[in-house]
Amino acid sequence: MKKIFLLLAIALVLPMAASAQKMVPAFVMDSKGPVTNIRTAPNAKAKVAMTLPTDKGSYELLLGEVKNGWWKIEDNIYEAEENAEVKLHGSKTGYWIHNSIVGFGIAGKQDDALYAKPSKKARMIKVSPGEGLYFHPLEVRGNWVKVVSIDGRYTGWMLIDRICSNSLTTCP
């Protein structure tokens with residue numbers, strides 16, 4: 001009987017652990033208009049489920065599934081300056097945001113964060129030191145995220161635990 005409960009517990013926990021590994025923390029970095037649109041499907045013509053005012057502050061979110069450059073928002077959004085949660089609303093089919101308006105920095109040293117492939121054994125991509133180096137997420141593979149720098153100079157793979165998703169402070 002104990003073995004059955006143990007196997008059942010493992011069967012329930014493993015899928016949750018696998019999906020938790022694939023969550024990508026990020027923040028909204030949209031300055032193109034007065035609002036950032038959160039859509040009901042992964043395309044620019046999908047209905048707008050809700051909007052976030054771009055002048056209100058810094059929004060942090062967790063990204064999951066990715067389709068054609070669109071990331072599914074997996075949990076409520078956190079508004080950092082107001083220290084408040086923004087509840088997702090207005091959709092029954094999910095909440096999507098384009099990768100061109102979300103990003104993150106590097107936690108810790110910049111020069112050892114990017115790799116040519118999603119492996120610590122892969123060639124490291126040398127990143128010039130400097131402030132304000134931010135990335136857009138492209139895809140996720142296990143604990144790795146393929147990224148491109150905002151300025152387009154760097155493309156590579158970064159471990160999810162190296163992501164700094166707080167736009168108001170620097171991460172250790």
Side-chain angles (χ1 to χ4, degrees), residues 18-39 42-44 51-86 88 95-172:
S19 67
Q21 291 177 0
K22 296 183 182 196
M23 300 286 257
V24 178
F27 58 86
V28 176
M29 45 190 333
D30 186 6
S31 59
K32 295 180 181 129
V35 297
T36 297
N37 292 327
I38 308 297
R39 300 200 177 264
N43 68 67
T51 59
L52 302 172
T54 54
D55 65 348
K56 274 284 204 183
S58 174
Y59 300 96
E60 297 174 19
L61 37 86
L62 287 174
L63 307 172
E65 180 183 359
V66 61
K67 288 184 180 180
N68 300 321
W70 290 85
W71 288 84
K72 188 172 187 183
I73 301 170
E74 295 294 339
D75 200 0
N76 288 328
I77 298 168
Y78 179 74
E79 203 288 307
E81 289 178 16
E82 296 290 326
N83 196 24
E85 191 174 59
V86 177
L88 294 173
Y95 301 90
W96 296 83
I97 192 166
H98 196 263
N99 76 330
S100 65
I101 57 174
V102 293
F104 44 77
I106 299 173
K109 297 186 318 180
Q110 290 182 344
D111 61 354
D112 67 351
L114 284 184
Y115 293 82
K117 295 180 181 176
S119 167
K120 281 196 168 187
K121 294 179 182 178
R123 175 182 59 83
M124 289 181 69
I125 297 172
K126 224 33 172 161
V127 176
S128 299
E131 286 294 313
L133 186 58
Y134 294 104
F135 297 88
H136 295 299
L138 299 174
E139 69 178 278
V140 65
R141 206 178 286 169
N143 288 329
W144 292 86
V145 180
K146 187 172 186 180
V147 299
V148 61
S149 62
I150 301 299
D151 62 10
R153 290 190 309 160
Y154 305 104
T155 301
W157 291 86
M158 181 187 305
L159 280 164
I160 288 176
D161 65 1
R162 293 298 307 273
I163 290 174
C164 178
S165 63
N166 187 329
S167 67
L168 301 178
T169 64
T170 56
C171 295

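Rounding to the nearest 0.5 Å places CD1 of Ile150 at 4.0 Å from CE of Met29. For the atom pair CH2 (Trp96) and CD1 (Ile38), the distance works out to 12.5 Å, reported to the nearest 0.5 Å. Remark: Arg39 CZ to Tyr95 OH distance equals 14.5 Å, nearest 0.5 Å. Here the CD-CD distance, from Glu85 to Glu60, works out to 12.0 Å after rounding to the nearest 0.5 Å. The CZ atom of Arg123 sits 10.5 Å away from atom CG of Leu114, with the distance rounded to the nearest 0.5 Å. Taking CD1 of Ile101 as the start and CG of Leu52 as the end, the distance is 8.5 Å to the nearest 0.5 Å.
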side-chain contact (heavy atoms from CB on, under 4.5 Å), that's the test. Do Ile77 and Leu88 meet it? Break it down for me.
CA-CA 7 Å; Ile77 298 168; Leu88 294 173; 3.8 Å; yes
Begin from the C-alpha positions of Phe135 and Val145 and carry the test side-chain contact (heavy atoms from CB on, under 4.5 Å) through to its verdict.
CA-CA 10 Å; Phe135 297 88; Val145 180; over 6 Å; no
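Pairing each heavy atom of Trp70 with each of Ala44, the nearest pair is CZ2-N, 3.3 Å. Closest of all the heavy-atom pairs between Ala116 and Ala122 is N-CB, 4.4 Å. Nearest heavy atoms, Trp144 versus Lys120: CZ2-N, 3.6 Å. Contact between Val66 and Leu138 at its shortest, heavy atoms only, is CG2-O, 3.8 Å. Here the closest non-hydrogen pair linking Ile106 and Met158 is CG1-CE, 3.7 Å. Scanning both residues, Ile97 and Asn37, for their nearest heavy atoms gives CG1-O, 4.4 Å.
The environment of Asp55 atom CG is dense: over 12 non-hydrogen atoms of other residues, nucleotides or ligands sit within 6.0 angstrom.
Between the Tyr154 side chain and the Val147 main chain, no donor and acceptor come within less than 3.5 Å of each other. Panel note: side chain Thr54, backbone Pro34; a donor-acceptor pair is recorded below 3.5 Å. With His136 contributing its side chain and Ser149 its backbone, the two residues share no donor-acceptor pair below 3.5 Å. Checking side-chain atoms of Glu79 against main-chain N and O of Ser58 turns up a donor-acceptor pair under 3.5 Å. Distance alone, capped at 3.5 Å, is enough to place a donor-acceptor pair between the Arg162 side chain and the Lys109 backbone.
Side-chain atoms of Trp157 and Ser119, non-hydrogen and from C-beta on, never get closer than 4.5 Å to each other. For the pair Leu61 and Val28, the minimum side-chain heavy-atom distance is below 4.5 Å.
Residue Phe104 forms a side-chain contact (heavy atoms from CB on, under 4.5 Å) with just one option from Ile160, Val24, Leu63, and that option is Val24.
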